[in-house]
Chemist: 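First the structure, which I've put down as C-alpha cells, then a few questions once you've had a look.
Chain letters run A, B, ... following the sequence lines, proteins first and then strands; every chain starts at 1.
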Amino acid sequence: MKVTLNWLKDFVEFDLAPEELAEKLTMVGFEVEEIIRPKRDLKNVVVGRVETVMPITASAQLKICQVRVGSETIQTICGAPNVRAQMLVAMALPGAELPGGMIVSHRNFDAYTSSGMICSEAELGLSERGDLVMELANPAQPGMNLGQYLGPGSPVLDLSITPNRPDCLSVIGIAREVAAIVKGTLRKPIPQFEESEAAIDRFIEIDIRDQEKCPRYCGRYFSGVTVAPSPWWLVERLQSCGIRPINNIVDITNYTMLETGQPLHAFDYDLIADHRIVVQTARTGDHFTTLDGKSHELTENHLMICDGQKPVALAGIMGGQNSEISVASRTIFLESAYFSPINIRTSSKQLGIVTESSMRFERGADPENAYYAINRAAQLICELAGARVARGVGDAYPKWIMPVVLDLRPERVNQVLGSAFTSAEMRTTLNSIGLNCVPNGAQFQVAVPTNRPDLTREIDLIEEIARLIGYDEIKPTIHAQVFLHGEKNKQEAFIHRLRALCVGMGFNESVTLSMLNPRTAEPFLSQDHQLIRLLNPLSEDLAVMRPSLVPSLLEVAAYNRNRQNYDLKLFELGSVYYLQAGASSFQPIELKKLVGIGTGLRQPVSWLNPGKKLDFYDAKGFVEHIFHKLSITDYQFSEYSTPILEPPGASIEIAGQLSGFIGIVHKPLMDLFDIKGTQVIVFEVDVDALYQAMPKEKRFTAISRYPTIPFDLAVVLDSQIPYRQVEQVIRNNAGEHLVSVRLFDTFEGKQIPKGKKSMAFSLVFGSKERTLGIDEVNDQVNVIISELTRELGAYLRTD
Amino acid sequence: MDYQLDKILKSIQDIETAFFALLDTVQDEKALEQARVQFLGRKGQLQDAFRYLGQVEQKDRPVIGEQLNRLKEVLTQALEAKKKGLTLAPVVSKKFDISMPGMPIAAGGFHPLLQVMDEIKDIFVGMGFSVETGPDIETEYYNFEALNIPEYHPTRDLQDTFFLQNRWVLRTHTSPVQIRTMEKTQPPVRMIAPGRCFRKDTPDASHSPTFHQVEGLCVDQGVTFADLKGVILAFAQKLFGKNVKIRFRPSFFPFTEPSAEYDFSCIICSGKGCRLCKGTGWLEISGAGMVDPAVFGFVSYDSEKYTGYAFGMGVERIALLKYQIDDIRIFYENDLRFLQQLN
C-alpha cells in the first residue's frame with residue numbers, strides 16, 4: 001500500500017520527516033519498504049493564461065492561442081481539444097527541456113509562428129495523460145514557475161500491510177496508526193454535499209437474495225453527470241499510490257477506496273434494466289464478461305450483482321462490460337457494499353482475478369465504512385462531475401454486523417508478554433486506535449469497532465498493546481522454570497555420525513535440490529516405483545521429486561568437471577521420494593539415503609604417489625569401512641544387475657534385506673550427464689537399514705596379552721573361483737585361534753599357469769589365554785592347505 | 001726479586017688470547033674436546049700456569065690466584081657456550097630433504113550450509129532444546145490447517161506452495177514438526193525442528209525452491225514474550241558475538257500472536273549502517289511470536305494454562321551473513337573449490 005505524506009496530513013497532524021515516520025510505522029508493524037520522492041524537472045515551464053483561441057482555417061484541430069505569461073503574451077499553436085480562453089495552462093517557454101528530452105523552440109505552421117508549447121501532463125512527465133493539455137485548477141498569476149505552482153510532490157511511503165490488517169489498506173487506516181504513534185487525534189470529516197429533493201427509492205430498488213454472502217448493500221443515484229478527466233490534484237494522488245487515472249467517476253471511486261479502504265463501483269444507471277439491483281449467486285454454466293473484456297464461466301458459488309434481467313457485476317471483484325461508465329454516461333448508480341470475505345476469496349481464486357477490490361473484501365472490509373465511503377464519494381462526484389445526487393442512501397442491511405466486545409485481563413497481558421505495563425497504560429493504548437475500554441472489576445470490556453475484524457480474542461488485544469507500546473519496552477528474560485535436557489534425537493545423532501564418517505574418508509558433502517527433471521530422474525527409478533510429480537512445478541527441470549540421490553550427485557560431478565575439478569569424492573545424505581507402483585491411494589514414500597560418488601584420482605598425485613584412479617574396490621572399501629565403524633557384521637555383497645551400474649555391480653544386503661548397491665556408473669547414464677573420459681564409482685546405502693543394524697551399545701572385549709603368530713600363505717588356484725569361497729575355506733579350517741585373514745596380493749600371468757591365479761594371504765593366529773606354539777600353528781596351516789586343495793584344487797605357490 | 005709480576009700476569013693474559021683464537025676455529029664437538037684438554041686438562045695450559053703460585057712471594061699470590069681462577073671460570077663458560085652453539089647449529093641430513101613437499105592429503109569436509117545448520121542446532125541443544133524432525137512431504141493439515149492457516153484465507157498466499165496430489169504439499173516451513181511434536185508430548189516442550197523446506201520461488205541470488213529452516217518452540221506454564229526475546233538474544237550472541245543486539249518488530253503470522261520479525265544488529269558495522277545492512281544498521285533474520293491459542297486448540301493444549309513461543313530462521317540467510325556470500329545459489333552448485341574453501 002502506497003500512501004503520500006500530504007494525504008495522511010488531511011487526517012492527522014504530525015511533524016515527522018519521512019524517514020522518522022517510516023521508522024515509527026515499521027516499529028508498530030507496518031514495514032516501510034521504500035520511501036519514494038517524486039522528482040520534478042520543470043525549468044522554464046510557467047503558468048500561462050490563454051487569452052484568445054483562434055482556429056486555423058486550414059486545420060481541423062490546430063488553434064492559434066495567445067498566452068499571457070507574466071508581462072508578455074506569447075503566440076503558440078495548440079492542437080489539444082480542451083484548450084480554451086481564460087484557461088490556466090502549463091506553458092513551456094522556448095528553450096525549455098521537457099522530461100521526455102524534447103527541447104521547446106520556435107516553430108512555424110504555414111504562415112504562423114509558434115513559440116513555446118502548451119503542455120499535457122504526459123509532456124511534463126507528471127502523468128500518462130497526453131491527449132489533453134494540463135488544466136491548472138487553482139488561480140495563479142501568469143508567469144509563475146510551474147514547479148512553484150504545483151509545489152514539491154509529496155513523499156510516498158510504500159508500506160507492506162500484513163493480511164490481518166485490511167483496515168490499513170487505506171489512508172485513513174494508516175492515519176489512525178500515525179495518530180496513535182504521535183499521540184494525536186484522527187480527524188475524519190463528515191462529507192458535506194447538497195442532496196436533491198427526489199429520494200433514492202424513486203430511482204432504485206435493492207434486493208439482497210443471499211444475506212450470508214452480502215450482508216450490506218448501499219447505493220446512491222446521481223444525475224447530470226459530466227464524465228471528464230479528473231483534476232490534477234486527484235490524478236497526482238492516485239498516481240502516487242500506483243493507480244492510473246481513467247475519468248473523473250472511476251477515479252473518484254478509486255480515490256475513495258484508497259482513502260477509506262472501501263471498494264466502490266459505479267454503474268451507468270441507464271444500462272441497469274428495470275432500475276433494480278438484485279444480489280444473488282450465479283447459475284452454474286452462466287457466462288459473464290468483466291470490464292477487462294474477459295469472459296468467465298460461473299458457478300453457483302459466485303455472487304453476482306444483477307439488474308432486473310442480467311448480471312452486471314462480479315460482486316466485490318470486478319464490474320461488467322455491459323454497465324460500464326463511458327463519456328456518454330449522464331446518470332450513475334454508485335455501489336458500496338460489504339461482501340463476505342470467504343466468498344470473495346473463493347471466487348477470486350477460482351476465477352483467477354485479483355483486484356484492489358477483491359483484495360480488500362477477502363481480507364475483511366468494514367460494513368460501517370460502506371456507508372461513510374459512499375457519502376465521501378458522493379461529495380467528490382458532486383464537486384468534480386457537476387452531478388446532482390438523490391436524497392438518501394439506498395441501504396439494504398439485512399444482516400447486521402455488531403461490534404465485538406472482548407474481555408481483557410490486565411494481569412494476563414503481563415503474563416503473556418513478561419512485561420510490567422499498568423492497566424492505565426493498556427487502556428490509553430487501546431483508546432489510541434479507537435478501542436473503547438470500560439472497566440469491569442479488575443478487567444476491561446473492550447469494544448472493537450467493525451473496522452478491526454482481526455481482533456476477536458483477548459490475545460489479539462494483547463498484541464495491540466505490545467506493538468503500540470513497543471516490543472522494545474519488553475526486556476529479554478530467560479525462561480528456566482523447568483530443567484529440560486536438550487538432545488539431538490538418536491536418528492539425528494546417527495545421521496551426523498554417518499556424515500562425519502564420510503568426511504573422514506575424504507568425501508566432500510554436497511547439498512542438492514530435492515526436485516529433478518523427469519528425464520533425469522526416470523533412469524534411476526526402480527521398476528516398482530513411480531515418480532512424484534509436482535502439480536505446479538517451477539519448470540520442467542524441477543518437476544518431480546528425486547527418486548534417488550545418484551542423478552543429483554552426477555549433476556554435481558558434471559558441474560565440477562566442467563570447471564576442471566576432476567578429482568572428486570562427493571556424498572550427500574538426504575531424502576528420496578517415490579510412490580509404490582500400483583498403490584491404490586497417493587501415499588508418498590520418503591527415505592533417507594547415503595550416496596557417495598567418486599571420480600578421478602584416489603589420492604592427489606605427488607612425487608610420493610603415482611596417482612591411481614578410483615575403482616570398484618574403492619567403492620567397496622568405503623562401504624566396508626562404514627560397516628566396520630558402525631560394528632555392523634550382518635551384511636553381504638552380491639552380484640547385482642541394475643541399469644544404473646556397469647556390470648558387474650554389487651548389491652548390499654543388510655540383515656538379508658537389499659539396502660543399497662556399489663559399482664561403476666553405467667555408460668548410458670554418463671552420457672545423459674555428459675560426463676566423458678572418466679569413470680564414476682558410486683555407492684548407495686539406506687540410512688535406516690544401517691541404523692537398524694547398528695548395535696546400539698558398544699562393549700569392550702579384552703585385548704590379548706599374548707603375542708600373535710603371523711603366517712603368510714600363497715596358493716595357486718583356478719581364476720574363476722571367487723575370493724569369498726577361498727576365504728570361507730580358510731576360515732572354516734583355521735581352528736579357534738585365527739585372529740585375522742588379509743589378502744595381501746593377487747596375481748595372474750608369468751610363472752602362473754594360464755587360467756590360474758595366485759592369492760597370497762597373511763594369516764594371524766593368537767590366543768587370549770596363552771602363547772601359541774609354532775608347531776600347532778604349522779599343523780593348523782597344513783589343515784587349511786589340504787582343505788584348499790581338496791575343495792578348490794588349490795596348491796601352494798613355491799617360487 | 002728474580003721474577004716480574006707483570007710478566008706472569010701477561011702470560012696468563014696470553015693463555016686467554018690463545019684459547020679464544022683456538023675456540024674460533026672449532027667446528028665440531030671433537031675439536032671442542034681437544035681444545036678443552038689443551039687448556040683445561042690435567043696437563044693443560046691453565047694447570048701449568050697454576051705453577052706460578054709456587055714461584056712467587058706470599059704477597060703476590062692473591063693477585064695471581066685471583067687471575068687464574070677468573071681465567072678458569074671464563075674458559076669453562078666459553079666452552080659450555082660453544083658446546084651449546086654447536087648442538088643448535090643446522091645439520092644437513094643425508095636421510096631427508098626436509099624442504100621437499102610432504103604427502104598431500106585429500107581431506108573431506110562438511111557442506112558449509114550444513115555446518116551452519118549444525119552450529120545452530122548445537123547452540124539450541126545447549127539451551128535445553130531437543131531436535132525433532134518430520135517429513136518433507138506433508139499433508140495440508142499439518143502444513144496449514146493446524147497452524148491456523150485455514151483454506152480460503154489470504155494468509156495461505158503468504159507462502160507460495162508446491163502442491164502434490166490429494167492435498168499433499170511440499171512443506172513450506174518446518175512448523176508442521178511443532179504440531180507433530182505437541183500431538184505426542186505434553187508440556188513442557190522445548191524443541192527445534194531443522195530441515196528442508198520448499199517454496200515456489202524462482203531461483204535468484206536470495207531465493208531457492210529448496211531451502212533449510214530451523215524452527216523453535218517452547219511451551220510451558222509462564223512462558224512469555226520476554227523469554228522469546230531472551231532466547232533469541234542468547235542465540236544471536238552465541239552465533240555472532242557478545243556485541244550483537246536484537247530488534248523485534250511487530251508483524252503477522254497466522255500461528256503466532258503477538259507476532260514479530262526479528263533483526264540482528266549488523267555484524268559488519270555494528271549498527272552504524274553499511275552496504276550489508278543497506279544502511280539501516282539491522283539485518284532482517286526471521287519471524288517469531290507467541291504461539292496462537294488457536295494452534296494449541298488443534299493439539300488440545302489448555303491455552304489458559306500454557307503459553308509458548310515459536311521462532312523460525314532460514315539457515316541459508318544466516319550462512320550468507322556468516323560467510324558474507326551474496327548469492328544463495330552457490331550452496332547448491334557444490335563447486336569443490338567452494339566446498340573446500342569453507343572447511
Chemist: Chain A: which of B/Met290, B/Arg337, B/Gln340 shares the most heavy-atom pairs with it under 4.5 Å?
Modeler: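 The residue among B/Met290, B/Arg337, B/Gln340 with the greatest pair count is B/Arg337.
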Chemist: Under 4.5 Å, counting heavy-atom pairs only, tell me which of B/Ile137, B/Leu339, B/Ile192 racks up the most with chain A.
Modeler: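 It is B/Ile137.
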Chemist: Measuring only between side-chain heavy atoms, which start at C-beta, is B/Leu164 closer than 4.5 Å to A/Ile532?
Modeler: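 When only atoms from C-beta onward are counted, A/Ile532 and B/Leu164 do touch, with a gap below 4.5 Å.
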Chemist: Do A/Arg345 and B/Arg156 come close enough that some side-chain heavy atom pair is under 4.5 Å?
Modeler: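 Answer yes - side chains close enough.
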Chemist: Using non-hydrogen atoms and a 4.5 Å limit, figure out which bit of A/Ala493 sits close to chain B: side chain, backbone, both or neither.
Modeler: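 For A/Ala493, neither part sits under 4.5 Å from chain B.
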Chemist: Using non-hydrogen atoms and a 4.5 Å limit, figure out which bit of B/Ser208 sits close to chain A: side chain, backbone, both or neither.
Modeler: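 Side chain of B/Ser208 only, per the 4.5 Å heavy-atom cut-off to chain A.
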Chemist: Taking C-beta and beyond as the side chain, do A/Thr162 and B/Pro250 meet within less than 4.5 Å on heavy atoms?
Modeler: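 Contact flag for A/Thr162/B/Pro250 side chains = no.
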Chemist: Side chain, backbone, both or neither: which part of B/Phe162 has a heavy atom under 4.5 Å from chain A?
Modeler: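 B/Phe162 touches chain A through backbone and side-chain heavy atoms alike.
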Chemist: Do A/Arg165 and B/Phe252 have side-chain heavy atoms sitting under 4.5 Å apart?
Modeler: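 Heavy-atom side-chain distance check fails, nothing below 4.5 Å.
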Chemist: By a 4.5 Å heavy-atom criterion (distance strictly below it), what part of B/Pro112 contacts chain A: side chain, backbone, both, or neither?
Modeler: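 Neither part.
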Chemist: Taking side chain as everything from C-beta outward and backbone as N, CA, C, O, which of these in B/Ala260 sits under 4.5 Å from a heavy atom of chain A? Side chain, backbone, both or neither.
Modeler: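 Both backbone and side chain.
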Chemist: Contact part of A/Lys475 toward chain B, heavy-atom cut-off under 4.5 Å: side chain, backbone, both or neither?
Modeler: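 Backbone of A/Lys475 only, per the 4.5 Å heavy-atom cut-off to chain B.
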Chemist: How close do A/Thr477 and B/Asp227 get, heavy atom to heavy atom, and via which atoms?
Modeler: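 Looking at all heavy atoms of both residues, the closest pair is OG1-OD1, 2.6 Å.
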Chemist: Nearest 0.5 angstrom please: A/Gln350 CD to B/Tyr152 OH, how far?
Modeler: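 Rounded to the nearest 0.5 Å, the CD-OH separation comes to 5.5 Å.
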Chemist: Take A/Arg499 and B/His111, measure what side chain to side chain contact (heavy atoms under 4.5 Å, CB included) needs, and give me the verdict at the end.
Modeler: CA-CA 10 Å; A/Arg499 292 166 55 215; B/His111 193 280; 6.0 Å; no
Chemist: Looking at B/Arg196 and A/Glu572, does any basic side-chain N land under 4.0 Å from a carboxylate oxygen?
Modeler: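 Counted as a salt bridge, because a side-chain N and a carboxylate O are separated by less than 4.0 Å.
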Chemist: At their closest point, which heavy atom of A/Leu608 faces which heavy atom of B/Gly102, and how far apart are they?
Modeler: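 So the minimum-distance heavy-atom pair works out to CD1-C, 4.2 Å.
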Chemist: So which heavy atom on B/Phe248 is nearest to which on A/Met27, and how close?
Modeler: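 For B/Phe248 and A/Met27, the tightest heavy-atom pair comes out as O-CE, 3.6 Å.
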Chemist: Quick one: what part of A/Asn560 sits under 4.5 Å from any heavy atom of chain B, side chain, backbone, both or neither?
Modeler: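 When you check distances to chain B, only side chain atoms of A/Asn560 fall under 4.5 Å.
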Chemist: Take atom NZ of A/Lys490 as the centre, draw a 6.0 Å sphere, and report whether it contains more than 12 heavy atoms from other residues, nucleotides or ligands.
Modeler: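 Atom NZ in A/Lys490 is not crowded, with 12 or fewer foreign heavy atoms closer than 6.0 Å.
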Chemist: If you compare all heavy atoms of B/Lys200 against all heavy atoms of A/Pro537, which two are closest, and at what distance to 0.1 Å?
Modeler: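 Looking at all heavy atoms of both residues, the closest pair is CE-O, 3.9 Å.
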Chemist: Name the member of B/Glu257, B/Lys229, B/Arg249, B/Met100 that forms the most heavy-atom pairs with chain A at distances under 4.5 Å.
Modeler: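 Top count of heavy-atom pairs under 4.5 Å with chain A: B/Glu257.
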Chemist: Does any part of the side chain of A/Glu31, heavy atoms only, come nearer than 4.5 Å to the side chain of B/Glu284, both counted from C-beta?
Modeler: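 Yes. Closest side-chain heavy atoms under 4.5 Å.
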Chemist: Can you tell me if B/Asp335 uses its side chain to pair, donor with acceptor, with the backbone of A/Tyr559 under 3.5 Å?
Modeler: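 Not a single qualifying donor-acceptor pair exists.
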Chemist: Counting heavy-atom pairs under 4.5 Å with chain B, which one of A/Leu542, A/Leu570, A/Thr26, A/Asp567 comes out on top?
Modeler: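 Counting heavy-atom pairs under 4.5 Å, the top option is A/Thr26.
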Chemist: Would you call A/Arg409-B/Glu304 a salt bridge at under 4.0 Å N-O?
Modeler: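 Between B/Glu304 and A/Arg409 there is a salt bridge, with a charged N closer than 4.0 Å to a carboxylate O.
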Chemist: Are B/His212 and A/Val511 side-chain neighbours, meaning at least one heavy-atom pair lies under 4.5 Å?
Modeler: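 With C-beta onward as the side chain, the pair touches.
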Chemist: Sort out for me which of B/Asn166, B/Asp118, B/Thr133, B/Leu113 touches chain A most, counting heavy-atom pairs under 4.5 Å.
Modeler: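 Winner by heavy-atom pair count: B/Asp118.
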Chemist: Do other residues, nucleotides or ligands put more than 12 heavy atoms under 6.0 Å from A/Ile35 CD1?
Modeler: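 Yes.
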Chemist: Tell me, for A/Met545 versus chain B, whether the close heavy atoms (under 4.5 Å) come from the side chain, the backbone, both or neither.
Modeler: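 It is the side chain, since no backbone atom gets that close.
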Chemist: Is the backbone of B/Glu132 close enough, under 3.5 Å, to the side chain of A/Asn489 for a donor and an acceptor to pair up by distance?
Modeler: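 Checked: no pair found.
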Chemist: Please find the pair of heavy atoms, one from A/Trp607 and one from B/Pro101, that lie closest to each other, and give the distance.
Modeler: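 Closest heavy-atom pair between A/Trp607 and B/Pro101: NE1-O, 2.9 Å.
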Chemist: So which atom in A/Arg412 and which in B/Ser303 form the shortest heavy-atom distance, rounded to 0.1 Å?
Modeler: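 Closest pair (atom of A/Arg412, atom of B/Ser303, distance): NH2-O, 2.8 Å.
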Chemist: With a 4.5 angstrom heavy-atom cut-off, which part of B/Leu114 approaches chain A: side chain, backbone, both or neither?
Modeler: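 Both parts, backbone and side chain.
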Chemist: Would B/Arg167 and A/Phe586 count as a side chain to side chain contact (heavy atoms under 4.5 Å, CB included) if you check the C-alpha gap in whole Å, the side-chain angles of each, and the deciding distance to 0.1 Å?
Modeler: CA-CA 10 Å; B/Arg167 304 174 65 80; A/Phe586 184 87; over 6 Å; no
Chemist: Could you walk me through whether A/His496 and B/Lys121 satisfy the side chain to side chain contact (heavy atoms under 4.5 Å, CB included) test, starting with their C-alpha distance in whole Å, then the side-chain angles of each, then the deciding distance to 0.1 Å, before giving a yes or no?
Modeler: CA-CA 12 Å; A/His496 191 271; B/Lys121 281 190 225 168; 5.9 Å; no
Chemist: How about B/Thr224 and A/Val416: do any of their side-chain heavy atoms sit closer than 4.5 Å?
Modeler: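 With C-beta onward as the side chain, the pair stays apart.
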Chemist: Quick check on the interface: out of A/Ile465, A/Asn414, A/Leu468, A/Asp460, who has the most heavy-atom pairs with chain B under 4.5 Å?
Modeler: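 Answer, by heavy-atom pair count under 4.5 Å with chain B: A/Asp460.
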Chemist: For B/Asp201, which atoms come within 4.5 Å of any heavy atom of chain A: side chain, backbone, both, or neither?
Modeler: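 B/Asp201 touches chain A through backbone heavy atoms alone.
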Chemist: Which one, A/Asp472, A/Val556, A/Ile459, leads in non-hydrogen pairs under 4.5 Å with chain B?
Modeler: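 When all of A/Asp472, A/Val556, A/Ile459 are compared, A/Ile459 has the most.
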Chemist: Name the region of B/Thr307, side chain, backbone, both or neither, that has any atom closer than 4.5 Å to a heavy atom of chain A.
Modeler: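 Answer is side chain: those atoms of B/Thr307 sit under 4.5 Å from chain A.
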Chemist: Quick one: CG on A/Leu513 to CZ on B/Phe331, what's the gap to the nearest 0.5 Å?
Modeler: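 The CZ atom of B/Phe331 is 13.0 Å from CG of A/Leu513, to the nearest 0.5 Å.
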Chemist: Can you tell which of B/Ser259, B/Pro203, B/Cys218, B/Pro194 has the highest number of heavy-atom pairs within less than 4.5 Å of chain A?
Modeler: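 If we count pairs closer than 4.5 Å to chain A, B/Ser259 comes out on top.
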Chemist: With a 4.5 angstrom heavy-atom cut-off, is it the side chain or the backbone of A/Ser510 that approaches chain B, or both, or neither?
Modeler: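 Interface part for A/Ser510: both.
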Chemist: Mind telling me whether A/Tyr471 and B/Phe225 have parallel, tilted or perpendicular rings, with 30° and 60° as the class edges?
Modeler: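 Rings of B/Phe225 and A/Tyr471: tilted, as their planes differ by 30° to 60°.
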Chemist: Only pairs of heavy atoms separated by less than 4.5 Å count here; which of B/Val125, B/Thr280, B/Ile246 has the most with chain A?
Modeler: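 When all of B/Val125, B/Thr280, B/Ile246 are compared, B/Val125 has the most.
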Chemist: Is it the backbone or the side chain of B/Glu261 that comes under 4.5 Å from a heavy atom of chain A, or both, or neither?
Modeler: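 Contact with chain A is absent: no heavy atom of B/Glu261 under 4.5 Å.
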Chemist: Is there a side-chain contact between B/Pro104 and A/Gln603 (heavy atoms, below 4.5 Å)?
Modeler: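 They are not in contact (no side-chain heavy atoms under 4.5 Å apart), so the answer is no.
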Chemist: Please look at B/Leu233 and chain A and tell me whether the side chain, the backbone, both or neither of the residue comes under 4.5 angstrom of a heavy atom of that chain.
Modeler: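 The side chain, not the backbone.
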Chemist: Kindly say whether B/Asp136 contributes a backbone atom to a donor-acceptor pair with the side chain of A/Glu590 at under 3.5 angstrom?
Modeler: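 Pair found, side chain donor or acceptor close to backbone of B/Asp136.
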Chemist: Taking only Lys NZ, Arg NE, NH1 and NH2, and the carboxylate oxygens of Asp or Glu, determine whether A/Glu23 and B/Arg247 approach each other closer than 4.0 Å.
Modeler: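 Yes, charged N to carboxylate O under 4.0 Å.
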Chemist: Tell me, side chain or backbone of A/Asn508 under 4.5 Å from chain B's heavy atoms, or both, or neither?
Modeler: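 A/Asn508 touches chain B through backbone and side-chain heavy atoms alike.
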Chemist: Between B/Phe198 and chain A, which part of the residue has a heavy atom less than 4.5 Å away: side chain, backbone, both or neither?
Modeler: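 For B/Phe198, the contact with chain A is made by the side chain alone.
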Chemist: With a 4.5 angstrom heavy-atom cut-off, which part of B/Met103 approaches chain A: side chain, backbone, both or neither?
Modeler: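 For B/Met103, the contact with chain A is made by backbone and side chain together.
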Chemist: Hey, what do you get for CD (A/Glu555) to CG (B/Asn334), rounding to the nearest 0.5 Å?
Modeler: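 A/Glu555 CD to B/Asn334 CG: 10.5 Å, rounded to 0.5 Å.
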Chemist: Less than 4.5 Å to any heavy atom of chain B: does that hold for the side chain of A/Gln491, its backbone, both, or neither?
Modeler: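 When you check distances to chain B, no heavy atom of A/Gln491 falls under 4.5 Å.
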